[in-house]
Asker: 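Below: one structure in structure tokens.
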There are 2 protein chains.
Amino acid sequence: MTSSEAREEAVLEAVRERRELVNDAIPEELPVQRPERLYEASRYLLDAGGKRLRPTVLLTTAEALADVEPLSADYHEFPTLHETTDAVDVMDAAVSVEVIQSFTLIHDDIMDDDDLRRGVPAVHREYDLETAILAGDTLYSKAFEIMLETGANPDRTVEALDVLATTCTKICEGQSLDVTFENRDDVMPEEYLEMVEQKTAVLYAASACLPAILLGADDETVDALYGYGLDIGRAFQIHDDVLDLTVPSEKLGKQRGSDLVENKQTLINVHAREQGIDVADLVDTDDVDAVTEAEIDDAVAELEEAGSIEYANEMARDLVDQGKARLEVLPENEPRRLLEDLADYLIERGY
Amino acid sequence: MTSSEAREEAVLEAVRERRELVNDAIPEELPVQRPERLYEASRYLLDAGGKRLRPTVLLTTAEALADVEPLSADYHEFPTLHETTDAVDVMDAAVSVEVIQSFTLIHDDIMDDDDLRRGVPAVHREYDLETAILAGDTLYSKAFEIMLETGANPDRTVEALDVLATTCTKICEGQSLDVTFENRDDVMPEEYLEMVEQKTAVLYAASACLPAILLGADDETVDALYGYGLDIGRAFQIHDDVLDLTVPSEKLGKQRGSDLVENKQTLINVHAREQGIDVADLVDTDDVDAVTEAEIDDAVAELEEAGSIEYANEMARDLVDQGKARLEVLPENEPRRLLEDLADYLIERGY
């Protein structure tokens, strides 16, 4: 095992350990109650899996701030920094963020009319459109209810809810931009990055800064951690776009190159267009089931030739390095190193 | 003009006056910004009209609590009761509640596949399904953002957000119950009232208690006002069900008796079924466009014979009287009398 492999294995282990705890907390915070069908639908995606990357960022940032050994403190009674209240339930904040993520997935799947998510039918397929809209709406308010229960000081709670609410608004704005981009062929890299920031990165940013807010860190720390989240969140999405082209379909769990076939905007396409490539013409078909591996290979070769994949990889790497540098506001400790390694993992992961 | 007519006219004038101010505040709190199409869709129903009954309840309750003459105090800098902060923007709270109402209408229209709302196309018809889902989601978080801006003390703001979040959860639960009721023929009056409480009345309850929370009233006052809102909100919905049967179609703006045709649960149907009437058979067709006035007349006559309409009217009257009695926690003043008259208006209005 190389040292890079060993670091990746350590990151995955840290994610796994926290995921178990998050998975235990979800049914406690979101029990299936009357009306049962609504709550079952609300829990459906949450129970179907997910890496819990955002909760992992949140919980690990709390540990770095409090300068404690990983997993040594109870997330439900987590020590604050010089606050009048002694302990805060940071797990509530972690669950809240994951619940928001789940709400957006349910509604996004309706909007994109996607059939599958996390290897199971999308909620509007497993249940119906009405129930899926309502399940998303229920998770939305539940996320706020759960964030209200951390036991943090009221001024800190108000700030945390402000972050949660503005994050949700930005996610909607980003999703809206993404939809309008589908009908445009002149999207600039800066516009793409703005869209990704709003649609994807802000929830990482919220995850990283929320423990700082709730535990009582100063504004500089809150801002730096927000920036870390924005950077790694954007890098995460850009790497996702690269994976769509470079990972075999069977490992990806969907057709390789589907973004190209469906003419989705990615940083790679946007760059290639700027290099004079007719991106819409890279693949002849717009039917994911009809495209051949050879067609995708040719398209990827052309994108590589244009330097577009390298451009995306470099952008992701720069963002991760920038994000890691922002962690200097944290004490030098093991959780901080884990946050650094987590950032690397987001752009080094194979799928 | 009888004294009852004079009182109704005074209520309508009070609603109109506050509606103007609410209509001025909405574009300030919810400006159309980038992405424009998303914000235009979010504003579409809000701009199409609406009586602003919930904001009127909220603003008038604030006036009763502060014991000021109607419209004499600036809603944007409203005097608090013995709080460390001098003034609170209760208009923010009023707009927040109206924004929540608008979000639920947009998503409800998708779920019910309704074409028209407030005389204009439903948002998913004027725009599209994706935009309508996203517009509702945007209003959802914006309502929380706006409620965070009142300037109330942090502990009061936390309590207000808690009310807002749990209210939204209950609205979802109520809507879910309503959907499941459509497939049942054994709904009991208590179940109907529970559904109406969650789907409709909780937002009136929130509107009535939020100024008490934000301005710093005691728990007893907050609870009494919440109860007032629950009572008048349920009465409002029951009266709506009666109007559906008794008001001419042209005045109603939709086919009279459409609830009967579509087999919707109302307190009237539920009562009639308990009296042994085959409610599903009252009208032969299930097509609103095919039903005749004579068929509706016959059905209404049968419901009157069974005492079901009188039962609903009495229930609404009892709830309004109960709600008005709860206002005893307020000082005796003109805004309090307006809240009493508003309660009467909700069940005396002709449409």
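A note on names: the letters A, B, ... follow the listed sequences, proteins ahead of strands, and every chain is numbered from 1.
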Asker: Quick one: of A:Leu139, A:Thr131, A:Leu161, A:Thr157, who has the most non-hydrogen atom pairs under 4.5 Å with chain B?
Answerer: A:Leu161
Asker: Please look at A:Val179 and chain B and tell me whether the side chain, the backbone, both or neither of the residue comes under 4.5 angstrom of a heavy atom of that chain.
Answerer: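 When you check distances to chain B, no heavy atom of A:Val179 falls under 4.5 Å.
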Asker: At a 4.5 Å cut-off on heavy atoms, which part of A:Glu149 comes close to chain B: side chain, backbone, both, or neither?
Answerer: neither
Asker: Does A:His107 have its ring centroid less than 6.0 Å away from the ring centroid of A:His124?
Answerer: no
Asker: Let me know which of A:Val202, A:Thr167, A:Val97, A:Leu225 forms a side-chain contact (heavy atoms from CB on, under 4.5 Å) with A:Ser207.
Answerer: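 For A:Ser207, the side-chain contact (heavy atoms from CB on, under 4.5 Å) test succeeds with only one of A:Val202, A:Thr167, A:Val97, A:Leu225, which is A:Val97.
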Asker: Below 4.5 Å, heavy-atom pairs only: which of B:Ala135, B:Ala143, B:Cys172, B:Gly136 has the largest tally toward chain A?
Answerer: B:Cys172
Asker: Considering only heavy atoms and a distance below 4.5 Å, find which of A:Phe103, A:Tyr39, A:Phe144, A:Tyr140 pairs most often with chain B.
Answerer: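 Of the options given, most contacts go to A:Tyr140.
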Asker: If you count the non-hydrogen atoms of other residues, nucleotides and ligands that lie under 6.0 Å from CD in A:Glu77, is the total more than 12?
Answerer: no
Asker: For the residue pair B:Tyr127 and B:Tyr44, does the interplanar ring angle fall in the parallel (under 30°), tilted (30 to 60°) or perpendicular (over 60°) class?
Answerer: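 If you compare the ring of B:Tyr127 with that of B:Tyr44, the planes turn out perpendicular.
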Asker: Under a 4.5 Å cutoff for heavy-atom pairs, which residue among B:Asp137, B:Leu38, B:Asp155 has the most contacts with chain A?
Answerer: B:Asp137
Asker: Closer than 4.0 angstrom, basic N to acidic O: yes or no for B:Asp128 and B:Arg37?
Answerer: yes
Asker: Measuring heavy-atom distances to chain B, does A:Glu36 have an atom under 4.5 Å in its side chain, in its backbone, in both, or in neither?
Answerer: neither
Asker: Going by side-chain hydrogen bond (donor to acceptor under 3.5 Å, both in side chains), B:Tyr192 matches just one of B:Asn269, B:Asp241, B:Thr266. Which one?
Answerer: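 Checked B:Asn269, B:Asp241, B:Thr266 against B:Tyr192; only one passes side-chain hydrogen bond (donor to acceptor under 3.5 Å, both in side chains): B:Asp241.
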Asker: Which atoms of A:Arg34 come close to chain B, meaning under 4.5 Å heavy atom to heavy atom: side chain ones, backbone ones, both, or neither?
Answerer: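 It is both, since atoms from each part get that close.
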Asker: Picking from B:Pro35, B:Cys168, B:Ala165, B:Ser141, which has the most non-hydrogen pairs under 4.5 angstrom with chain A?
Answerer: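 Highest number of heavy-atom pairs under 4.5 Å: B:Ser141.
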Asker: Tell me yes or no: between the side chains of B:Thr80 and B:Asp86, is some donor less than 3.5 Å from an acceptor?
Answerer: no
Asker: Side chain, backbone, both or neither: which part of B:Gln33 has a non-hydrogen atom closer than 4.5 Å to chain A?
Answerer: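 For B:Gln33, the contact with chain A is made by the side chain alone.
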Asker: Please classify the contact between B:Leu148 and chain A as side chain, backbone, both or neither, with a heavy-atom cut-off of under 4.5 Å.
Answerer: side chain
Asker: If you count heavy-atom pairs under 4.5 Å with chain A, which of B:Ile171, B:Asp162, B:Thr166 comes out on top?
Answerer: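 Of the candidates given, the most pairs with chain A belong to B:Thr166.
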Asker: Would B:Glu145 and A:Thr169 count as a side-chain hydrogen bond (donor to acceptor under 3.5 Å, both in side chains) here? Give the steps.
Answerer: CA-CA 9 Å; B:Glu145 286 187 47; A:Thr169 301; 2.5 Å; yes
